[in-house]
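Letters A, B, ... mirror the listed sequences (proteins, then strands); counts begin at 1.
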Amino acid sequence: MDRIIFHIDVNSAYLSWSAVHRLQQGDSLDIRTVSAVIGGDEASRHGIVLAKSTLAKKYGIKTGNPLREAYNLCPNLIVIPPDYNLYVKASQAMVNIFHDYSPRVQQFSIDECFLDYSNMSYHHGAPLEVAHTISNRIEKELGFTVNVGISSNKLLAKMASEFEKPNKVHTLFPDELEEKMWPLPVDELFMVGRQTKRQLHQLGIHTIGDLAQANTDMLYTYMKSHGLLIQSFARGLDHSPVRKSNFEVVKGIGNSTTIRFDANTYDIAYKVLLSLCETICMRLRSSELVCQLISVSIVTADFKHASHQRKLYSTTDSTSHIFYIAKELFDELWAGSPIRKLGIRISELSDNDFTQLCVLDTDDYIKEQRKDHAVDQIRRKHGTTAIYRACFLHSGIKPMSGGVGEEHYPVMTSLL
DNA sequence: TCTGGGGTCCTAGGACCC
DNA sequence: TCTGGGGTCCTAGGACCC
């Protein structure tokens, strides 16, 4: 029995969600109908385009553009700051609707879902019909539009939802591949980014069809396993199941931040690291997990990336402990050049129910644990700024940085 | 093009073991 | 100590996704 998979993608997600919210608040202007973008704060160096309206797109504005550039392309551009808490809520409301049509829903990112509709036609109707029903319900009940792609696997469903936008339903079944997907430029294929596109062009491969028909040995020679992966995608092959939502099987937790100014002292860098640790560790503990691998990354003012990581002998969820390691890693890493961005990531996660106590200083460990939990509770009850370390007073550095809100945030992954 | 923040996976070299 | 091959683990960096 053939599978039926839907891929649902919110049109200009952040912009649409902010638009709906503003209308609900009584604003008369629908920002979807003018040239508008969602973007960060330029003064604190977070100024890039996160989402754009169709009109803004017509001016040539792309996601990821610096706001400065976007203004140059369209001087009367409206820029609205992101509201991540709102986006998490809007996303959840949409997922709830999907569950009316299938129990097998995988949230792939904040604005994308896969839905396994195999063997469900008897209950809700033919795939194409029900795709329209879902799309209409979202528009009517939640106020924004989506694209739906339908196929027999996730890869093709995802490719289908990328076709004409907005507010459209497309199919891309295997017998439609040659006509609908093969003529497209090769970089429109999932997992073909800038570097891969460049390599493929050097091999004379320009369309998805070229890639599908290319010599497999040659692809392997030049691109190793990635070459085989994208060729099987070009041929429409993908057997991955609609699995649990990615955030239910999170592999690591990381936060990073671009500092408002280039940091050039240990004091500032340590404060930023501590504020990142606070956020990460609270996320870690509220997921009832512990970690065993800690990595620190630096982006210097000249955009050079570097990172160091260390595996611990035992697992931990202590803010002080993780901060201590992070400081050491940073010391190894930093050669003194001005720092633009700092990041920490913890991984090799496991359940916290059998935390192995280090033979040394168990007393300290237990004390730390109590303290961490007490602070977590206060923050959950009274907000993240209800309690913070004195060193952040008048420092110009936020006591908790990174993160997008109180709630769990769906993670994104390149793996179907 | 002065370019955010959250993720995952792969590769390659070196250490270490047998 | 002039020397093979295979396996695993660790680390740093780079590719990709939204």
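Within the nucleic acid shown, A:Gly40 has no heavy atom closer than 4.0 Å to any nucleic acid atom. Contacts of A:Ser225 with the nucleic acid, taken as non-hydrogen atoms under 4.0 Å apart, involve only primed sugar atoms and P, OP1 or OP2. Across all strands shown, A:Gln195 has heavy atoms under 4.0 Å from sugar-phosphate atoms exclusively, and none from any base. Within the 4.0 angstrom heavy-atom criterion, no nucleotide atom of any strand lies near A:Ala13. Heavy atoms of A:Arg198 sit nowhere under 4.0 angstrom from any nucleic acid atom.
Remark: A:Lys158 is in phosphate contact with C:dC18, judged by side-chain N or O atoms under 4.0 Å from OP1 or OP2. When the side-chain nitrogen and oxygen atoms of A:Asn246 are compared with OP1 and OP2 of B:dT8, none of them lie within a distance under 4.0 Å. Considering only side-chain N and O atoms, A:Arg68 lies nowhere under 4.0 angstrom from the phosphate OP1 or OP2 of B:dT3. Not one side-chain nitrogen or oxygen of A:Ser109 sits closer than 4.0 Å to the OP1 or OP2 atom of B:dG7.
More than 12 heavy atoms of other residues, nucleotides or ligands sit less than 6.0 Å from atom NZ of A:Lys180.
Atoms CD and CZ, from A:Gln195 and A:Arg198 in turn, are 4.5 Å apart once rounded to the nearest 0.5 Å. Note: A:Ile387 CD1 to A:Ile378 CD1 = 4.0 Å, rounded to the nearest 0.5 Å.
Where DNA chain B pairs in unbroken runs of 3 or more (Watson-Crick or G-U, both distances under 3.5 Å), the stems are B:5-18 with C:5-18.
Among the nucleotides C:dC16, B:dG6, C:dA12, the one closest to the side chain of A:Asn255 is B:dG6. Ranking B:dT3, C:dT11, B:dC9 by closeness to the A:Arg340 side chain, first place goes to B:dT3. Taking only side-chain atoms of A:Lys251, from C-beta outward, the nucleotide of C:dC17, B:dT8, C:dC16 with the closest atom is B:dT8. Side-chain atoms of A:Thr196 lie closest to C:dC16 of the nucleotides B:dT3, C:dC16, C:dC17. Counting only heavy atoms from C-beta on, A:Leu50 has its side chain closest to B:dG4 among B:dG4, C:dA12, B:dT11. The A:Arg345 side chain lies nearest to B:dT8 when the options are B:dT8, C:dC16, C:dG13. Of the candidate nucleotides B:dT3, C:dC16, C:dT11, C:dC16 has the atom lying nearest to any side-chain atom of A:His226. When distances are taken from the side chain of A:Lys311 to each of C:dG13, C:dC10, B:dG7, the shortest belongs to C:dC10. Considering only the side chain of A:Phe303, B:dT3 comes nearest among C:dG13, B:dT3, C:dA15. The side chain of A:Ser256 sits closest to B:dG6 out of B:dG6, C:dC18, C:dA12.
Atom P of nucleotide B:dG5 and atom NZ of A:Lys341 are separated by 5 Å, given to the nearest angstrom. Here C:dC16 presents its P atom at 8 Å from CD of A:Gln199, a figure rounded to the nearest Å. Between the CZ atom of A:Arg45 and the C1' atom of B:dG4 there is a distance of 12 Å, rounded to whole Å. Rounded to whole angstrom, the span from the CG atom of A:Asp111 across to the P atom of B:dG6 amounts to 17 Å. Between the P atom of B:dC10 and the NZ atom of A:Lys224 lies a distance of 14 Å, rounded to the nearest Å. With rounding to whole Å, A:His308 atom NE2 is found 7 Å from C:dG13 atom P. Between the CD1 atom of A:Ile48 and the C1' atom of B:dC2 there is a distance of 13 Å, rounded to whole Å. To the nearest angstrom, P of B:dG4 lies 21 Å from CD1 of A:Ile80.
Under the 4.5 Å side-chain criterion, counting only non-hydrogen atoms from C-beta, A:Met282 is in contact with A:Arg379. Using a 4.5 Å cut-off on side-chain heavy atoms (C-beta onward), A:Thr319 and A:Lys371 make no contact. Under the 4.5 Å side-chain criterion, counting only non-hydrogen atoms from C-beta, A:Asp331 is in contact with A:Tyr270. Using a 4.5 Å heavy-atom threshold, the side chains of A:Tyr388 and A:Leu393 count as touching. Taking 4.5 Å as the limit, every side-chain heavy atom of A:Asp2 sits out of range of all side-chain heavy atoms of A:Phe173.
If you take atom C1' in B:dC17 and the same atom in C:dG4, they sit 14 Å apart, rounded to whole Å.
Here the closest heavy-atom approach between residue A:Ile4 and residue A:Ser118 is recorded as N-OG, 3.1 Å.
Each of A:Ile253 and A:Asp302 was assigned the nucleotide of DNA chain B with the nearest heavy atom; the assignment lying further toward the 5' end belongs to A:Asp302. Projected onto DNA chain B by closest heavy-atom contact, A:Thr257 and A:Asn65 fall at different nucleotides, the more 5' of which corresponds to A:Asn65.
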